[in-house]
Asker: 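Please read through the structure below; I'll follow up with questions.
Order of the sequence lines sets the chain letters (A, B, ...), proteins ahead of strands, with each chain counted from 1.
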There are 2 protein chains.
Amino acid sequence: MPDYDGAVTEATNSGAATFPAKRGRGERSSPTIYDIAKLAGVNPSTVSRALSKPGRVSAKTQKIIEDAAEQLNYQVNPFARALPTGRTQTIGLIVADITNPTFFDIIRGAETTGSARDYTLVLAESAESPETELIAARRMLSTVDGLILASPRMDDDKIRALAADKPVAVINREIEGVPCVVPDVNKGISQAVRSLAANGHQQLAYVAGPPQSWMSRRRWEGVQAACDWYKLAAVRLESSKPTVDGGRQVARDVLASGATAVITYNDLLAIGLMQELQAAGIHVPDQISIVGFDDIFGADFTTPPLTTVRSPLGECGSRAATLLLDMLLGHDGPAGAVRVDTELVVRGSSGRLIA
Amino acid sequence: MPDYDGAVTEATNSGAATFPAKRGRGERSSPTIYDIAKLAGVNPSTVSRALSKPGRVSAKTQKIIEDAAEQLNYQVNPFARALPTGRTQTIGLIVADITNPTFFDIIRGAETTGSARDYTLVLAESAESPETELIAARRMLSTVDGLILASPRMDDDKIRALAADKPVAVINREIEGVPCVVPDVNKGISQAVRSLAANGHQQLAYVAGPPQSWMSRRRWEGVQAACDWYKLAAVRLESSKPTVDGGRQVARDVLASGATAVITYNDLLAIGLMQELQAAGIHVPDQISIVGFDDIFGADFTTPPLTTVRSPLGECGSRAATLLLDMLLGHDGPAGAVRVDTELVVRGSSGRLIA
DNA sequence: ATCAATCTGTCAACCGGTTGCCAACTATTG
DNA sequence: CAATAGTTGGCAACCGGTTGACAGATTGAT
């Protein structure tokens, strides 16, 4: 069979004129309140009031101005507005790793809630580095009205310092003095451990996440407490990184530990671990049960599908955004951390131990 | 076994003081060039020049000013700068659906490239609606230096109109007169069809994506051309939506079509389709081979792992950002669309037909 | 030493809104 | 009808940078 290189493309319109690069400024810039004022026969300040201070001008003038604005297709210049007021209609979101699906839902939750209230989302990534994170946060802080930090890696004090400057909300970590949204892992963990105990498991391993992760420690505490209660032995194993790859690498430690049930810091680790164990001929869940964390996209694609403690990540993002926007409206932040519920989603990767 | 509600939480610092809501303006606002000017004993405009027009002031003054800026921990006020210049150091990205993993990599690519060149990424979602998309684009356009549209759903003309205002780059669609980055699907498709043909398949079905999707049509054309060449019969099936669920729903049509090989518009459809077929007792790939598109996160989690035509999505995002930033620097856009290569990733969901 | 050419810093206007203050106007009341 | 209170719109200053025009200082050439 002759090779076919797929050359069906219509001639890639080469030779066509290139596009104009950049437009000069004055070209036909958008209308300003001065244009409206002229058209409506009033003072610019009146226009400004009509458009931003409802009730400050008479209904009649209001109407005239609105019509004029409509006619000119007016749009406020956000920068001109931001300069004197400091308000930018923008919230910032910093995540540790954009490619980590855990954050996808958080991003979405924040974006959706924000844009519903006419705020735009500005996104930055810290690449899991506390330093990068701090730099990004500082840079953002001057341009946004408020900041959401998802699973921040920097020190509590640094975060408090940021929060002293502008409203800040934190997801997946509790910091005294800063509004936080955290999944309350205890319910989900206790359900998971109970289910494992009921299925005959006695030895459990927890695969930890990054050492800087507050949430990883929190989960370990939860696991320990639940294991105490249900009389399971619990051991903690370290992972190199909280990814599929990290999960693969930790498989040998899991086997060495003798545990028959594993709870991992996140789903990525669980998936990697499961892949590696299966590759080694171990049957999941007959020989080892695996429970992940978060219920990320794709957790149900695996075979068997992953049992996991679901964190309502989208809700976290959305709640954090709401918190922030409310604070911008002058409300006080919540006294303690906002807790959202977690729950166990039982799928195929956990079950009765078949010795 | 008694129920355990996981109440191990340290007392949720209730009763603690609530957080101050919003800070007044004057409180201790950041230093300005006027502060620097005073400290350095020069005119503010000199400070401005020292900080943004390299070479315009003497080395000596430059040093003095830089030291003063350092000492005061000066940061430019982006809004004040944006007002007269119109430049915001910001690029916008609009995606059709934030939860669709296809876009994760695009977002990442754009963010990484942007932030490497000191641009901040502003994100918005169109929720697959041409109208929402246009509104978001319009709103963004006034606040960003350039705009990236990933898989836009609106008309060519609307996009050209936007592009006439500010630099715009498009991903996953070709529009004459607008810089575009598109995966060149032909290579990947021809590899896929060749592989299927070599495995004995003669009847192929293409499961299409959203009707507004330029890329879906493009892929269908590619599939047709390749099937022509390799002498396969190709039929096109419609999906309700380009998601896992949509894939499930299209399963009955796939069966009815009699095709033994399926190429879907994207991986999500492929995954859903595979799940539904397997649930119906069909063996993949022995009875039906499935090939997806994009190689999204999680495509290799399935059993069997998904064979797919990989689009370098991250690269698309990154390339589009580069294009945009170059245009902002005054370069012309590319003459034709920028093509990036696709390639077949053979995994377990495709193979020899076992009749 | 003289004069032109080049550097360097200052002045002031401007970007496009917002807002405190005030005056004019309207409505209410005695 | 006058006095008072409440509205409404205008003036002008301001937010924090940028930039064209210009003058004084330097430099170099003649």
Asker: Rounded to whole angstroms, how far apart are NZ on A:K60 and P on D:dT7?
Answerer: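 Result: 17 Å.
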
Asker: Measure from NZ on B:K38 to P on D:dG17 and round the result to the nearest Å.
Answerer: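 One finds 13 Å between P of D:dG17 and NZ of B:K38, rounded.
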
Asker: In a check of side-chain contact (heavy atoms from CB on, under 4.5 Å) between A:R117 and each of A:L328, A:I91, A:D326, which one passes?
Answerer: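 Only one option passes, and that is A:D326.
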
Asker: Ignoring hydrogens and angles, state whether a donor on the side chain of B:S126 or B:S129 is under 3.5 Å from an acceptor on the partner side chain.
Answerer: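 Absent: no donor and acceptor within the cut-off.
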
Asker: Would you kindly compare A:L51 and B:Q62 by the position of their nearest DNA chain C nucleotide and give the one closer to the 5′ end?
Answerer: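 Upstream on the strand: B:Q62.
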
Asker: Report the distance from atom CG of B:L72 to atom P of D:dG16, rounded to the nearest whole Å.
Answerer: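 After rounding, the gap between these two atoms is 14 Å.
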
Asker: Compare the minimum distances between each of D:dT19, D:dG16, C:dG17 and the side chain of B:Y34, then state the nucleotide with the smallest one.
Answerer: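 Of the options given, the side chain of B:Y34 lies nearest D:dG16.
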
Asker: Would you confirm whether B:E133, through its side chain, and B:M154, through its main-chain N or O, come within 3.5 Å as a donor-acceptor pair?
Answerer: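 Confirmed, B:E133 side chain pairs with B:M154 backbone.
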
Asker: Does any N or O donor sit under 3.5 Å from an N or O acceptor when you compare the side chain of A:R49 with the base of C:dG17?
Answerer: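 Answer no: no donor N or O sits under 3.5 Å from an acceptor.
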
Asker: Indicate whether OP1 or OP2 belonging to C:dT18 is found under 4.0 Å from a side-chain N or O atom of A:S45.
Answerer: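 A:S45 to C:dT18 OP1/OP2: no side-chain N or O under 4.0 Å.
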
Asker: Establish, with yes or no, whether the OP1 or OP2 oxygen of C:dT10 is under 4.0 angstrom from a side-chain nitrogen or oxygen of B:T46.
Answerer: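 Yes, such a contact exists.
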
Asker: Looking only at side-chain N and O atoms, does A:K53 come under 4.0 Å of OP1 or OP2 in C:dT19?
Answerer: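 Answer is yes, contact under 4.0 Å.
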
Asker: Taking only side-chain nitrogens and oxygens of B:T85, does any of them come within less than 4.0 Å of OP1 or OP2 of D:dT18?
Answerer: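 Answer is no, no contact under 4.0 Å.
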
Asker: Specify the separation, in whole Å, of atom CD of A:Q75 and atom C1' of C:dG17.
Answerer: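 My rounded result for the distance is 15 Å.
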
Asker: Measure from CG on A:L83 to P on C:dG17 and round the result to the nearest Å.
Answerer: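 Going from CG in A:L83 over to P in C:dG17 covers 12 Å.
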
Asker: Using only modelled atom types and a 3.5 angstrom limit, is any donor from either the side chain of A:R56 or the base of D:dG9 paired with an acceptor on the other?
Answerer: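 Flag set: donor-acceptor pair detected.
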
Asker: Does the side chain of B:S45 pick up a donor-acceptor pair with the side chain of B:S48 at under 3.5 Å?
Answerer: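 Result is no, nothing qualifies.
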
Asker: Below 4.0 angstrom from OP1 or OP2 of D:dT8, is there any side-chain N or O of A:T61?
Answerer: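 No, no such contact exists.
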
Asker: What's the shortest heavy-atom distance between A:L162 and A:A137, and which atoms?
Answerer: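 Shortest heavy-atom contact: CD1-CB, 3.7 Å.
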
Asker: Distance check: side-chain N/O of A:N77 vs OP1/OP2 of C:dC15, anything under 4.0 Å?
Answerer: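 A:N77 to C:dC15 OP1/OP2: no side-chain N or O under 4.0 Å.
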
Asker: Using whole Å, report how far CG of B:N43 lies from P of C:dT10.
Answerer: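 Whole-Å distance recorded here is 5 Å.
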
Asker: Give a yes-or-no answer on whether the side chains of A:D145 and A:T88 include a donor-acceptor pair shorter than 3.5 Å.
Answerer: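 Yes, a side-chain donor-acceptor pair sits under 3.5 Å.
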
Asker: Just the rounded figure in Å: distance from C1' of C:dA12 to CD1 of B:I33.
Answerer: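 Interatomic distance, CD1 of B:I33 to C1' of C:dA12: 13 Å.
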
Asker: I want to confirm an ordering. Mapping A:S58 and B:F79 to their closest nucleotides on DNA chain D, which one lands closer to the 5' end?
Answerer: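 This one resolves to A:S58.
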
Asker: Quick one: A:I65 CD1 to D:dG10 C1', roughly how many Å, whole number?
Answerer: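 Distance check: A:I65 CD1 to D:dG10 C1' gives 12 Å.
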
Asker: Can you name the nearest heavy-atom pair linking A:I64 to A:A40, along with the distance?
Answerer: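 The pair with the smallest heavy-atom distance is CG2-CB, 3.8 Å.
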
Asker: Please report the shortest heavy-atom distance between B:W214 and B:N172, naming the atom on each side.
Answerer: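 Closest pair (atom of B:W214, atom of B:N172, distance): CE3-O, 3.6 Å.
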
Asker: So, does A:Y74 get its side chain near the phosphate of C:dG17, meaning an N or O under 4.0 Å from OP1 or OP2?
Answerer: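 The answer is yes; a side-chain N or O of A:Y74 sits under 4.0 Å from OP1 or OP2.
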
Asker: Does any N or O donor sit under 3.5 Å from an N or O acceptor when you compare the side chain of B:R87 with the base of D:dG17?
Answerer: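 Donor-acceptor pair under 3.5 Å: no.
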
Asker: How bent is the helix from C:dA1-D:dT30 to C:dG30-D:dC1, comparing axes over its five end pairs at each side, to the nearest 10°?
Answerer: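 Helix axis angle between the two ends: 40°.
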
